[in-house]
Amino acid sequence: MPHLKEWVLFVLFLFCLTAPIVEAQDIMIITNADVPIDSITVSDVKKIFLGKKSIWENGRGINFFTMDQTVTHKTFLKKFIRKSSAQYKIFWKKQVFSGKGEIPKSSGSDQDMVKRIASTNGAIGYVSAKADLGTVKILSIK
Amino acid sequence: MKKSLKLILIWLSFLAVTPVAYSAEVMGVSIHGFISQGYLQSSDYNYHADTEDGTFEFNEIGINLGKRLTNKLHLGLQVFCRDLGDTGNNEITLDWAYADYRVTDWLGVRAGKIKMPQGLYNETRDVDALRTWIFLPASVYPETLRDLNLAMMGGGMYGNVDMGAWGGLSYQALGGTADVDDDDSRLAYHLRASSDNLTSLNSTKIDVDWRYALSLVWETPLDGLRLGGTYNETQLKAEATVPGPRGTEESFTDFNYIRNTVASIEYIRNDLLLVAEYITSVYDYENNNDGRIEDAHQRTDGWYLGTAYRVTDWFEIGSYYSEKYNDTDDREGTSSIKFDPSHRAYLKDACLTTRFDINEYFTIKLEGHAFQGTESLYPVDNIPDDGEAWFDKGENWQLYVAKATFTF
């Protein structure tokens with residue numbers, strides 16, 4: 001294959017130039033006060049944020065919120081969803097472009113997330129451990 | 001060509017720097033879309049377009065509207081157009097449009113024009129920004145039957161069943177019919193292009209009587225591992241005709257039914273994707289070769305192994321190896337006269353691809369394919385020069401692809 005060698009060398013060069021940056025941070029799962037649970041499993045968090053669980057145990061609908069491309073968001077995805085930010089974004093775009101779902105609504109900061117969760121029935125989201133929580137509920141992880 | 005290149009470069013520059021690239025929401029209706037422009041260049045043979053000379057006739061555009069009416073009811077539609085060589089020609093089509101009522105997590109119903117499940121990626125095959133590769137492996141996602149396998153008019157049920165410690169099961173069961181364009185679809189082109197009576201072909205007619213599709217995907221307890229199986233069957237009349245005696249028409253090729261079965265396995269761990277899929281298809285059709293009617297019951301199959309790795313937020317690398325066989329009873333093309341030369345029986349493809357995410361919305365990809373074999377290449381795209389035999393340039397050839405895609 002002509003140019004194959006050059007192509008492979010080019011790809012290896014790019015590979016060497018790049019190095020992923022990993023940062024760690026504690027995450028809290030928060031809900032609106034009307035959500036009928038006080039603890040949640042990692043598996044259920046994953047199902048909710050992948051759109052596979054849409055109803056709380058009391059039959060009310062789940063409204064979930066994500067964050068913009070922040071360290072909190074990346075840490076949450078890695079810890080609970082087991083997907084990279086790019087994989088998660090593509091997962092939801094696949095749902096949108098096949099008609100199976102909508103891009104989750106996202107917040108720009110901890111304060112914005114807390115405000116949305118507090119004002120939306122059945123809402124669930126996540127913030128960094130240092131966030132000021134106001135009236136929202138923190139779920140413990142089973 | 002120079003003018004096209006200039007226009008495309010201007011367009012790409014605009015997209016790369018534009019700061020207003022966001023999805024919109026108007027009166028509760030969310031609006032998304034994608035637009036892509038590609039360039040194809042091949043050695044030796046033409047692959048679905050005039051690729052030997054290099055071509056920009058390779059693009060897709062889609063606009064998508066969705067509105068949630070209640071917590072359980074969602075309406076959406078997507079209009080789409082594309083161009084690939086002589087097909088598509090950017091005619092606007094309704095890609096999908098359906099109402100989705102989710103009764104509970106394990107049961108929902110959909111009605112309208114719905115994307116058909118076939119393998120893991122058929123429902124999003126036209127949006128290349130959703131994967132690492134530009135071309136999905138031709139073994140499981142052949143361009144030749146793209147339009148036929150794309151969607152169906154009808155309805156069905158779906159759901160996600162929680163199996164506790166055993167993971168979860170997603171299912172879809174759909175039934176209906178399909179509307180496939182008589183002129184501009186890949187199937188119509190396939191019917192026309194398969195004929196060696198190239199100059200006298202009259203027309204193609206495609207009527208799908210009914211079809212159904214079943215899909216099961218098991219999200220296993222091993223995080224990131226999912227196993228899938230899809231089956232679909234289509235009863236149709238897909239016919240190409242040639243002039244007969246005294247002004248009549250004779251059928252040249254007449255498909256009756258097509259059945260596809262796909263088995264899939266995908267594993268995602270952190271930034272690594274591993275995937276493998278196998279397809280087996282059965283075609284029942286009649287061929288009229290110089291007045292000799294042949295009933296054919298043909299079985300084809302193919303498989304691929306693929307991988308992709310996200311190196312950084314903006315750079316991803318991927319590769320796959322794919323094999324596609326036109327007749328499982330004659331994989332090497334040596335025992336049937338219909339494969340002349342014998343490499344018309346198979347298409348083996350080693351693909352290496354790179355993906356650059358310039359920003360959240362704009363992606364550029366560069367891809368190379370080393371092919372062995374000429375299955376899936378059409379005679380009408382590869383008419384030999386005087387004195388040369390058909391497909392006489394050997395079985396090894398290459399395809400280079402560049403593509404820029406903008407999604408919002």
Side-chain angles (χ1 to χ4, degrees), chain A residues 1-4 6-8 10-12 14-22 41-44 46-48 50-56 59-63 68-69 74 77-78 80-103 105 121-122, chain B residues 23 30 32 34 43 62 64 66 68 71-72 74 76-78 95-98 100 102 104-105 110 112 114-115 121 123-124 126-127 129-131 158 160 162 168 170 219 223-224 268-271 273 310-317 350 352 354 356-357 360 366 368-370 396 398 400 407:
Chain A
M1 179 176 173
H3 313 303
L4 181 61
E6 288 84 352
W7 196 320
V8 170
F10 173 65
V11 168
L12 287 175
L14 286 173
F15 195 91
C16 295
L17 273 182
T18 55
I21 298 166
V22 178
T41 63
V42 171
S43 170
D44 275 347
K46 184 176 179 181
K47 284 173 192 159
I48 288 170
L50 292 179
K52 295 180 189 301
K53 180 178 168 70
S54 62
I55 299 168
W56 291 116
R60 304 286 293 272
I62 295 174
N63 291 300
D68 292 340
Q69 300 293 321
K74 289 177 183 175
L77 291 179
K78 191 173 181 184
F80 290 92
I81 314 298
R82 305 273 198 268
K83 285 185 187 295
S84 68
S85 177
Q87 288 164 347
Y88 188 68
K89 186 173 66 185
I90 283 176
F91 172 85
W92 277 106
K93 282 189 174 179
K94 280 182 180 176
Q95 307 306 304
V96 168
F97 289 120
S98 60
K100 292 179 176 177
E102 305 151 86
I103 296 280
K105 290 185 167 52
N121 290 336
Chain B
S23 57
S30 57
H32 297 275
F34 55 92
S43 67
N64 170 315
R68 180 156 296 285
N71 214 24
K72 294 184 174 180
H74 182 261
L77 66 85
Q78 184 162 290
D95 197 25
W96 54 261
Y98 60 86
D100 181 336
R102 191 167 180 171
T104 185
D105 287 331
R110 292 179 176 133
I114 306 167
K115 285 284 194 176
Y121 308 123
E123 291 157 284
T124 53
D126 290 323
V127 197
L130 305 182
R131 57 180 179 267
Y158 73 97
N160 300 296
D162 187 352
S170 300
E219 307 270 357
D223 212 32
I268 298 175
R269 185 172 179 85
N270 299 324
D271 293 311
L273 163 77
R310 169 72 57 166
V311 183
T312 72
D313 284 348
W314 58 270
F315 177 56
E316 193 167 301
I317 182 170
L352 178 65
T354 51
F356 304 88
D357 290 303
E360 189 177 344
L366 301 171
H369 294 260
N396 294 305
Q398 296 83 40
Y400 304 99
T407 58

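Order of the sequence lines sets the chain letters (A, B, ...), proteins ahead of strands, with each chain counted from 1. Being a predicted model, the structure only gives us computed values, none of them experimental.
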*Below 4.5 Å from any heavy atom of chain A, which atoms of B:Ala129 appear? Answer side chain, backbone, both or neither.*
backbone
*Could I get the full list of ring pair (Phe, Tyr, Trp, His ring centres under 6.0 Å) partners for B:Tyr98, not counting sequence neighbours?*
B:Trp96
_Any carboxylate oxygen within less than 4.0 angstrom of a Lys/Arg side-chain nitrogen, looking at A:Lys52 and B:Asp162?_
no
*Just how far is it from atom NZ of B:Lys115 to atom OG of A:Ser98, taken to the nearest 0.5 Å?*
8.5 Å
*asked:* Under 4.5 Å from any heavy atom of chain A, what part of B:Gln78 do you find: side chain, backbone, both or neither?
replied: side chain
*Who wins among B:Asn396, B:Leu273, B:Asp223 for the most heavy-atom pairs under 4.5 Å with chain A?*
B:Asp223
_B:Asp313 versus chain A, the contacting section by heavy-atom distance below 4.5 Å_ = side chain
_If I compare all heavy atoms of B:Leu130 with all of A:Ile90, which pair ends up nearest, and what's the gap?_
O-CG2, 3.3 Å
*asked:* Could you measure the distance from the CD atom of B:Glu316 to the OG atom of A:Ser84? Nearest 0.5 Å is fine.
replied: 8.0 Å
*Most heavy-atom pairs under 4.5 angstrom with chain A, which of B:Glu219, B:Arg310, B:Arg68?*
B:Arg68
*So, do B:Ile268 and A:Arg82 sit near enough that their side-chain heavy atoms are less than 4.5 Å apart?*
no
*Please answer whether the main-chain N or O of A:Val96 pairs with a side-chain N or O of B:Asn64 as donor and acceptor at a distance below 3.5 Å.*
yes
*So does A:Lys53 pair up with B:Asp105, basic N to acidic O under 4.0 Å?*
no
_Report which part of B:Arg102 has an atom under 4.5 Å of a heavy atom belonging to chain A: side chain, backbone, both, or neither._
side chain
*Heavy-atom distance under 4.5 Å to chain A: side chain of B:Tyr158, backbone, both or neither?*
neither
*Is there a side-chain contact (heavy atoms from CB on, under 4.5 Å) between B:Tyr121 and A:Lys94 once you walk through the steps?*
CA-CA 9 Å; B:Tyr121 308 123; A:Lys94 280 182 180 176; 3.9 Å; yes
_To check you understand the geometry: which heavy-atom pair defines the closest contact between B:His74 and A:Gly99, and what is its length?_
ND1-O, 4.4 Å
*Which atoms of B:Ser43 approach chain A - backbone, side chain, both or neither, heavy atom under 4.5 Å*: neither
*With only heavy atoms counted, which part of A:Lys100 is less than 4.5 Å from chain B, the side chain, the backbone, both or neither?*
both
*Sequence neighbours excluded, which residues qualify as ring pair (Phe, Tyr, Trp, His ring centres under 6.0 Å) partners of A:Phe80?*
A:Phe76
*With a 4.0 Å cut-off, would you call A:Lys89 and B:Glu360 a salt bridge?*
no
*Where the side chain of A:Gln87 meets the backbone of B:Asn270, is there a donor-acceptor pair that is under 3.5 Å apart?*
yes
*Which value, rounded to the nearest 0.5 Å, describes the distance between A:Phe97 atom CZ and B:Asp95 atom CG?*
11.0 Å
